[in-house]
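Okay, so here's the structure we're looking at.
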Amino acid sequence: MAKKKEAKDLNDKKREQVVELYRTRLSHLKRAQVFVTEDRMALAVDSYNKYLGILALYFDTTEDRLSPSLFDAEKDMTELLLISHAYWDLAKAYDRSPNLQRDCFRCLEQFMKFSIGFKYQ
């Protein structure tokens, strides 16, 4: 019984940490957007990946498995638009390097998933 309580307490603590990290996600996104305007693409890519990684952690998945179905299409419309924009900028950044074409196409696929059929399309 004590081990179950310890495991639950540990899971609760981890979840609290994830929720706290989730609250910081928009600062990473804003930083990425600033880096894009300054044409500092390596830093922008890093910040966008942190933003998307936090979302994936929050939804207990991996970044490549992020999907609009994880969100409430009405309530989370703004977040869906932000994700779409993040993937678009990532695709453009990866397109600059011939060695990153696979990443570019993956981001374009994610961009389409988070764009097609939404009001902001």
Side-chain angles (χ1 to χ4, degrees):
M1 185 79 165
K3 286 187 180 185
K4 283 185 181 180
K5 181 172 178 6
E6 285 177 24
K8 184 186 180 323
D9 289 346
L10 184 60
N11 284 339
D12 289 347
K13 185 158 179 76
K14 283 182 183 178
R15 188 65 191 160
E16 286 174 24
Q17 291 172 338
V18 168
V19 168
E20 189 60 37
L21 188 59
Y22 181 78
R23 291 185 183 118
T24 71
R25 75 195 185 287
L26 294 179
S27 64
H28 296 287
L29 180 67
K30 288 175 188 172
R31 195 172 304 124
Q33 292 170 336
V34 168
F35 289 141
V36 167
T37 62
E38 296 172 351
D39 200 35
R40 298 167 67 189
M41 296 312 288
L43 293 171
V45 166
D46 185 52
S47 292
Y48 276 132
N49 282 326
K50 285 179 183 172
Y51 166 69
L52 294 169
I54 290 169
L55 286 173
L57 189 62
Y58 182 78
F59 287 106
D60 196 28
T61 189
T62 57
E63 178 270 321
D64 60 320
R65 292 181 182 235
L66 282 175
S67 160
S69 65
L70 296 170
F71 300 85
D72 179 320
E74 295 297 318
K75 188 177 83 171
D76 298 324
M77 182 62 66
T78 302
E79 190 87 49
L80 291 164
L81 174 61
L82 293 173
I83 295 167
S84 170
H85 182 77
Y87 278 119
W88 178 250
D89 277 353
L90 280 171
K92 290 189 302 185
Y94 290 139
D95 190 47
R96 292 180 173 195
S97 172
N99 297 332
L100 299 174
Q101 290 300 304
R102 182 181 304 157
D103 290 313
C104 176
F105 290 126
R106 182 185 62 75
C107 288
L108 285 173
E109 286 177 19
Q110 287 292 87
F111 167 75
M112 288 187 300
K113 269 200 255 181
F114 281 93
S115 299
I116 294 175
F118 290 97
K119 293 176 186 176
Y120 53 82
Q121 179 187 343

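Just so you know, residue 1 is the first one in the sequence shown, and it goes up from there. What you see below is based on every heavy atom in this structure, not just the backbone, and it leaves out hydrogens, waters and symmetry mates.
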Side-chain heavy atoms under 4.5 angstrom apart, residues restricted to Ile, Leu, Val, Met, Phe, Trp, Tyr: same cluster for Phe111 and Met77?
yes
Hey, could you give me each pair passing salt bridge (Lys or Arg N to Asp or Glu O under 4.0 Å) that has a residue in residues 52-67? Not counting sequence neighbours.
Glu63-Arg106
Tell me whether the rings of Phe114 and Tyr87 are parallel (<30°), tilted (30 to 60°) or perpendicular (>60°).
parallel
Between the CE atom in Met112 and the SG atom in Cys107, the distance rounded to the nearest 0.5 Å is 11.5 Å
Can Arg15 and Asp12 be counted as an ion pair, charged N to O under 4.0 angstrom?
no
By side-chain contact (heavy atoms from CB on, under 4.5 Å), Asp72 pairs with (sequence neighbours left out) Glu74, Lys75, Asp76
Start with the C-alpha distance between Glu20 and Arg23, add both sets of side-chain angles, then the distance that settles salt bridge (charged side-chain N to carboxylate O under 4.0 Å, His left out), and finish with yes or no.
CA-CA 5 Å; Glu20 189 60 37; Arg23 291 185 183 118; 2.8 Å; yes
Atom pair CG (Leu55) and CG (Leu70), whose distance is rounded to the nearest 0.5 Å:
9.5 Å
Looking at OG of Ser84 and CG of Leu80, how far apart are the two atoms once the value is rounded to the nearest 0.5 Å?
9.0 Å
Starting at OH of Tyr120, measure out to CG of Leu82 and round the result to the nearest 0.5 Å.
9.0 Å
Would you say Thr37's side chain and Val34's backbone share a donor-acceptor pair under 3.5 angstrom?
yes
Val18 reachable from Leu52 in the ILVMFWY side-chain graph, under 4.5 Å edges
yes
Checking side-chain polar atoms at under 3.5 Å, does Gln110 have a donor or acceptor matched by the opposite partner on Lys113?
yes
With side chains defined as the heavy atoms from C-beta onward, is the minimum distance between Leu29 and Lys50 less than 4.5 Å?
no
How would you list, by chain and number, every residue that makes a side-chain contact (heavy atoms from CB on, under 4.5 Å) with Asp39, sequence neighbours excluded?
Met41, Arg96
State which residues pass side-chain contact (heavy atoms from CB on, under 4.5 Å) with Arg102; sequence neighbours excluded, sorted by chain then number.
none
Taken in chain and number order and not counting sequence neighbours, the residues that satisfy side-chain hydrogen bond (donor to acceptor under 3.5 Å, both in side chains) with Asn49 are Tyr94
How long is the gap from CG on Asp95 to CZ on Phe105, to the nearest 0.5 Å?
7.5 Å
Non-hydrogen side-chain atoms of Ser115 and Trp88 separated by less than 4.5 Å:
no
Pairs involving residues 20-48, ordered by first then second residue, that meet ring pair (Phe, Tyr, Trp, His ring centres under 6.0 Å) (sequence neighbours left out):
Tyr22-Tyr58
Spacing of Lys92 atom NZ and Leu90 atom CG [to the nearest 0.5 Å]:
10.5 Å
